[in-house]
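As structure tokens, the structure follows; a few thoughts come after it.
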Amino acid sequence: MQLFNSRKTEYKSKISAIATDEKVKLRIVVPRSLSCSAARLAIQKDSEDTVYYGMFWAGMCGEDNEYWELHFSADTAGLYFYHFELDTPWGVSYIKNTGKGCGNLTSDGGDFQQTVYDKNFKTPDFLKGGIIYQIFPDRFFNSGAPKKNVRESRVMRKWGEEPFWEESQMNGIWNNDYFGGDLKGIEQKLDYIESLGVTCIYLNPIFEANSNHRYDTADYEKTDPLLGTETDLKSLCKKAKEKGISIILDGVFSHTGCDSKYFNMYGNYNSVGAYNSVSSPYFQWYKFTNYPNDYKSWWGIKLLPEIVEENESYREFICGENGVLRKWLRCGISGWRLDVADELPDIFLDELRTAVKAENENAVIIGEVWEDATNKFAYGKRRKYLLGDELDSVMNYPFANAVLNFVRFGAADTFIDSVMSIIENYPPCVLNVLMNHIGTHDTERAITRLAGENSEGHGRHWQHMHNYLAKDDYKRGVSMLKMASLIQYTLPGVPSVYYGDEVGMQGMKDPFNRACFPWDNIDGDLLKWYKRLGEMRKGCKVFREGEFLPVFAERGAVAYERVSADNRVLVAINNSEETTDIPVGRQWDNSYNFFEKTSSNGYIRLGSREYTLLIK
């Protein structure tokens, strides 16, 4: 018998964050041999003093243990850290966190975390139960439409060629090769995107910029001429909406390009930029240390001068009634993904949320945060991204790492622990709209990370030499990607597919992971798999808001359920070398199965690398 487990309802009535004024019941099991005369909850709101709450004796647990319990609630949002203290004849004993939700008698363990969010916090419904498709616009599809007002310095490439990766190819200008993918091209491929079950398209930056990735914004109020016009974006949003697909844009607000109308280092814009004059209307936006050539830049990259987001005129420009955020929402987009959200201060994020929700209360705000977003430190303090005043969701890197590491290495217990840690800390309304990717423009392609060599510590030449898998490795990678995507599509949140992963695109890190979509070289078997996963999500309401319940986790095998009032789904995976009988309970006998393997007498027998999905 455990003394406490924050991930089991017999000890904690809610395995999640709670809303302000919402009660959670906490129960501990105390051995009678301790002769406990009093028990209390010791709880500390982040950076405040510890407060103690007495617990009451609640009866016997068998012959050798007893229950002590209480109900806790908080009227202000924040992080609360807690443990339990027991008065015994031998002094005070402590029940502290020894990992994986377990509370044991120790004075050396840590505290448990209880997230409390604003009870008025709501997240948009349109993402729930759906699928996100991420597109790097230059590399998805070229409509063939003529491109106007494009700088001659841009190097146009033939579709399907390898992106430039070494300095000698670039003529001193990095990220200057383009393949001509555009907004009209995306619109022309909406039928294909719809066939995947996609309900939301996330576009990497589309504003005018002077690199192919466009994270060096040159003009927030214009689309890049190579991608098309504002009219093209409106048309894409309209046609996508007709298919039940929303569009969200990438907002890069922590820095601009040095080659922009706001900084204007090279004089390419008809404006007085901050680099040109201290009298520039944009001068106060930047952090000069020795004007004009010494200034703070993003991660020391001089091409990307940092913005002072606290600056009032900048906040008005981005968040004002006629600012950048609301301008593009009025064009038909359904929200924003915020680049490096953890580098944006609270004052900016607060105003950003106010602006977005004032324009469209159902628009979504997704932040790029690579860690657990509930307890992240940035700007020298604990951040409040998910308490109700800032973000709706984040890019779920903890889930991505959990999925990929499990499929590659097979540690079932570690996988469940990683998933439960996020479920325990995040508000349920956030959990249901998390952006669950397993590959993005910032990481290796999913199939490459699963079946390829580790690129860490290796430069671009090495990555170029190891960019494609051998035939047998690719075959193994497809099998691993199917397993990973099955998990990705069935965890809480919204699966996000990086364009081309569904047809077997390979690639190491930038720029190898940003190649052209291979329209004439598609892995049809893998594409069929992803379409079936899309059908499965569309047909099961449980994936909108269903609870996650671990069932089994030993060695390389896991099983878990998703449960709602209308549906119940069980996923079982054997990622080991041995045939495994997974106990799931007789209630799963005679259930509908997606992948042939069924439950018999309460067990599912899976061979090595086999999996199944059952539905009730």
Side-chain angles (χ1 to χ4, degrees), residues 1-117 371-372 374-377 381-382 387 413-414 416-418 420-426 550 553:
M1 176 66 72
Q2 291 179 318
L3 276 64
F4 181 72
N5 191 320
S6 63
R7 298 175 183 175
K8 291 187 176 180
T9 52
E10 54 262 46
Y11 298 93
K12 185 169 182 276
S13 59
K14 293 181 173 64
I15 315 302
S16 68
I18 58 173
T20 48
D21 300 325
E22 180 181 12
K23 290 183 178 181
V24 58
K25 181 179 179 180
L26 301 172
R27 169 192 277 176
I28 56 175
V29 176
V30 179
R32 291 286 285 174
S33 59
L34 285 177
S35 300
C36 179
S37 59
R40 57 192 164 272
L41 170 72
I43 192 162
Q44 176 191 37
K45 188 179 181 185
D46 203 18
S47 301
E48 296 184 5
D49 293 334
T50 301
V51 178
Y52 298 90
Y53 296 90
M55 306 179 74
F56 62 88
W57 189 85
M60 295 295 294
C61 175
E63 295 182 0
D64 301 323
N65 301 287
E66 57 192 22
Y67 291 123
W68 291 77
E69 57 188 47
L70 87 165
H71 286 84
F72 170 77
S73 65
D75 58 8
T76 57
L79 289 194
Y80 292 75
F81 298 96
Y82 67 95
H83 64 268
F84 304 94
E85 297 183 4
L86 313 174
D87 289 340
T88 76
W90 305 277
V92 178
S93 293
Y94 300 88
I95 300 177
K96 291 197 169 186
N97 187 355
T98 55
K100 300 179 181 178
C102 295
N104 294 303
L105 286 173
T106 178
S107 58
D108 297 327
D111 281 349
F112 297 92
Q113 176 181 318
Q114 179 61 63
T115 308
V116 179
Y117 61 94
E371 305 84 4
D372 182 328
T374 62
N375 51 38
K376 165 118 185 186
F377 264 94
K381 63 180 180 179
R382 187 90 67 183
L387 299 182
D413 194 43
T414 301
I416 291 294
D417 178 48
S418 297
M420 288 304 300
S421 178
I422 295 300
I423 289 173
E424 189 175 7
N425 289 348
Y426 282 40

For the student: nearest non-hydrogen atoms of Val29 and Gln2, plus distance: CB-O, 3.5 Å
Spatial distance of atom CD1 (Ile43) from atom CG (Leu26) [nearest 0.5 Å]: 7.5 Å
Donor-acceptor contact below 3.5 Å, side chain Thr9 vs main chain Lys12: no
Close side-chain approach of Arg7 to Ile423, heavy-atom, < 4.5 Å: no
salt_bridge(Arg32, Glu66) N-O dist < 4.0 Å: yes
Gap between atom CG of Asp108 and atom CG of Asn97 - 0.5 Å precision: 13.0 Å
Distance-minimising heavy-atom pair for Ser13 and Lys25: OG-N, 2.8 Å
Salt-bridge present (Lys14, Glu22; N to O < 4.0 Å): yes
Sub-4.5 Å side-chain heavy-atom contact between Ile28 and Leu3: no
Test: Asp46 and Lys381 ion pair at under 4.0 Å: no
Worked verdict on Asp372 versus Ile422 for side-chain contact (heavy atoms from CB on, under 4.5 Å): CA-CA 7 Å; Asp372 182 328; Ile422 295 300; 4.1 Å; yes
Distance, nearest 0.5 Å, that separates OH of Tyr11 from SG of Cys102: 9.0 Å
Contact summary for Pro89 and Leu34, nearest pair of heavy atoms: CD-O, 3.4 Å
Aromatic ring pairing Phe4/Tyr82, orientation class (parallel under 30°, perpendicular over 60°, tilted between): perpendicular
Ser421 (side chain) donor-acceptor with Asp417 (main chain) under 3.5 angstrom: no
Test item: Thr115 side-chain N/O and Asn425 main-chain N/O as donor-acceptor pair under 3.5 Å: yes
Flag for Asn375-Gln113: side-chain donor and acceptor within less than 3.5 Å: yes
Arg40 CZ to Met55 CE distance, which is reported to the nearest 0.5 Å: 11.0 Å
Heavy-atom closest contact (Leu41 atom, Phe72 atom, distance): CD2-CD1, 4.1 Å
Atom pair NZ (Lys100) and CD (Glu424), whose distance is rounded to the nearest 0.5 Å: 13.5 Å
Over all atoms of both residues, closest heavy-atom pair of Ser16 and Tyr426: CB-O, 4.2 Å
Interatomic spacing from CE in Met60 to CG in Asn65 - rounded to 0.5 Å: 7.5 Å
Nearest non-hydrogen partners of Lys96 and Gly110, listed with the distance: CB-O, 3.4 Å
